[in-house]
Structure formats: C-alpha cells, structure tokens
Amino acid sequence: MHIRGDHAELVVGGRLDVRSAADARTVLHAAVDGGVGDLLLDLSELDSWDATGLGVIMGAHRRAGRCGRRLVLRDVPPQMQRLLVATRLHRILAIEGGIGVDTLPRV
C-alpha cells in the first residue's frame, strides 16, 4: 500500500487491508488534522480493500467530520463501488460524481 499527497489530496494505491491499516490510519489522520476544507482521496490506484481497510476509510470520514472537514472519494474502482453499494456506505460517504448504481457491472 502507498499513500502520497498532502493535506488536501491523497492518492491511495495497492492493497488497503489488515496489514496496511495502521500505517494508512496514521497518514489519513495526519492529513485530516493538518488541513482545512475537503480532503480528497483518489482511489484510482487502489487494487483492493478488505473490511479493515474500509473501516480505516470510515474512521477518516468520521474524524474529518469532527474537524469540520469532508472526506471525498474520487475514482473509486468498480469492484469497490459494488462493496460500497452492498454495505450502503455510498449513502454516507461523499463520492465525487456519485456512484451510478444502475451502471455497475453485475458479478
């Protein structure tokens, strides 16, 4: 897993899972705490995430809200879009451009 960027925009790549969760949480929390306005998470390079990784995203979302910021997801890969829809988290998280539920490929 790798995360690069600043306090306004981060690119997350690789696998966001139980092995990388602690490092990802540290970077996301520092970005939330160190900036103002929306924090954009570009997920175009993300290969996969598991429940722990999704929990890290949700934790960053809650922390951003407490700091008066908004966490915004950009370029969510289709596989991860399906998971967000299945868990109904697409209704809670801010997703740039939204998720076209009707256009998601079926598995």
Side-chain angles (χ1 to χ4, degrees):
M1 188 247 353
H2 64 272
I3 300 176
R4 65 179 188 278
D6 56 27
H7 300 297
E9 182 174 347
L10 296 171
V11 178
V12 181
R15 296 175 54 110
L16 183 54
D17 57 19
V18 68
R19 289 177 293 223
S20 60
D23 292 337
R25 186 177 298 111
T26 299
V27 172
L28 290 174
H29 286 187
V32 167
D33 295 345
V36 295
D38 288 352
L39 173 58
L40 185 64
L41 283 187
D42 182 327
L43 303 180
S44 61
E45 298 178 16
L46 191 63
D47 297 326
S48 65
W49 60 18
D50 65 6
T52 304
L54 189 53
V56 169
I57 299 290
M58 290 306 299
H61 164 76
R62 286 190 297 275
R63 188 179 190 105
R66 288 192 303 268
C67 292
R69 298 186 73 186
R70 188 173 70 134
L71 185 71
V72 180
L73 305 183
R74 171 191 283 166
D75 292 333
V76 181
Q79 175 185 357
M80 281 148 259
Q81 288 182 19
R82 286 190 293 276
L83 182 59
L84 291 175
V85 170
T87 58
R88 296 184 179 221
L89 292 175
H90 71 291
R91 296 179 178 191
I92 297 169
L93 293 167
I95 302 169
E96 190 176 80
I99 291 180
V101 178
D102 297 331
T103 62
L104 288 178
R106 300 213 181 252
V107 178

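Values in this document were obtained by computation on a predicted structure and should not be read as measured data.
Note on E45 versus R4: salt bridge recorded, some NZ/NE/NH1/NH2 to OD/OE distance being below 4.0 Å.
No chain of hydrophobic side-chain contacts below 4.5 Å, direct or via other Ile, Leu, Val, Met, Phe, Trp or Tyr residues, connects I95 to L40. V11 and L46 fall into different hydrophobic clusters, where Ile, Leu, Val, Met, Phe, Trp and Tyr residues are linked whenever their side-chain heavy atoms come under 4.5 Å apart, directly or through other members. In this structure, V72 is not a member of the same hydrophobic cluster as L43, with clusters built from ILVMFWY side-chain heavy atoms closer than 4.5 Å.
Considering all non-hydrogen atoms of both residues, D47 and Q79 come closest at O-OE1, 4.2 Å. Taking all atoms of both residues into account, the shortest heavy-atom contact from L10 to D6 is CD2-O, 3.3 Å. Of all the heavy atoms in H7 and L39, the pair that sits closest is O-CD1, 3.6 Å. Here the shortest heavy-atom pairing between L71 and H61 reads CD2-N, 3.6 Å. The heavy-atom pair separating V32 from A60 by the smallest distance is CG2-O, 4.1 Å. L84 and T87 get closest at one heavy-atom pair: O-OG1, 3.3 Å.
Among residues two or more places apart in sequence or in another chain, the salt bridge (Lys or Arg N to Asp or Glu O under 4.0 Å) test is passed with R63 by D33. Residues passing the salt bridge (Lys or Arg N to Asp or Glu O under 4.0 Å) test with D38 are R70, sequence neighbours excluded.
Atoms CD1 and CZ, on I57 and R25 in that order, are 11.0 Å from each other to the nearest 0.5 Å. Note that the CG atom of L16 and the CG atom of L54 stand 8.5 Å from one another [nearest 0.5 Å]. One distance of note links NE2 of H2 with OG of S20; it measures 11.5 Å at 0.5 Å rounding.
No donor-acceptor pair closer than 3.5 Å links the side chain of R74 to the backbone N or O of L41. D50 contributes a side-chain N or O that, together with a main-chain N or O of V18, makes up a donor-acceptor pair within less than 3.5 Å. The backbone N or O of V76 sits nowhere less than 3.5 Å from a side-chain atom of S44 that would complete a donor-acceptor pair.
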Exercise for review: List the steps, then state whether side chain to side chain contact (heavy atoms under 4.5 Å, CB included) holds for W49 with R15.
Suggested key: CA-CA 6 Å; W49 60 18; R15 296 175 54 110; over 6 Å; no
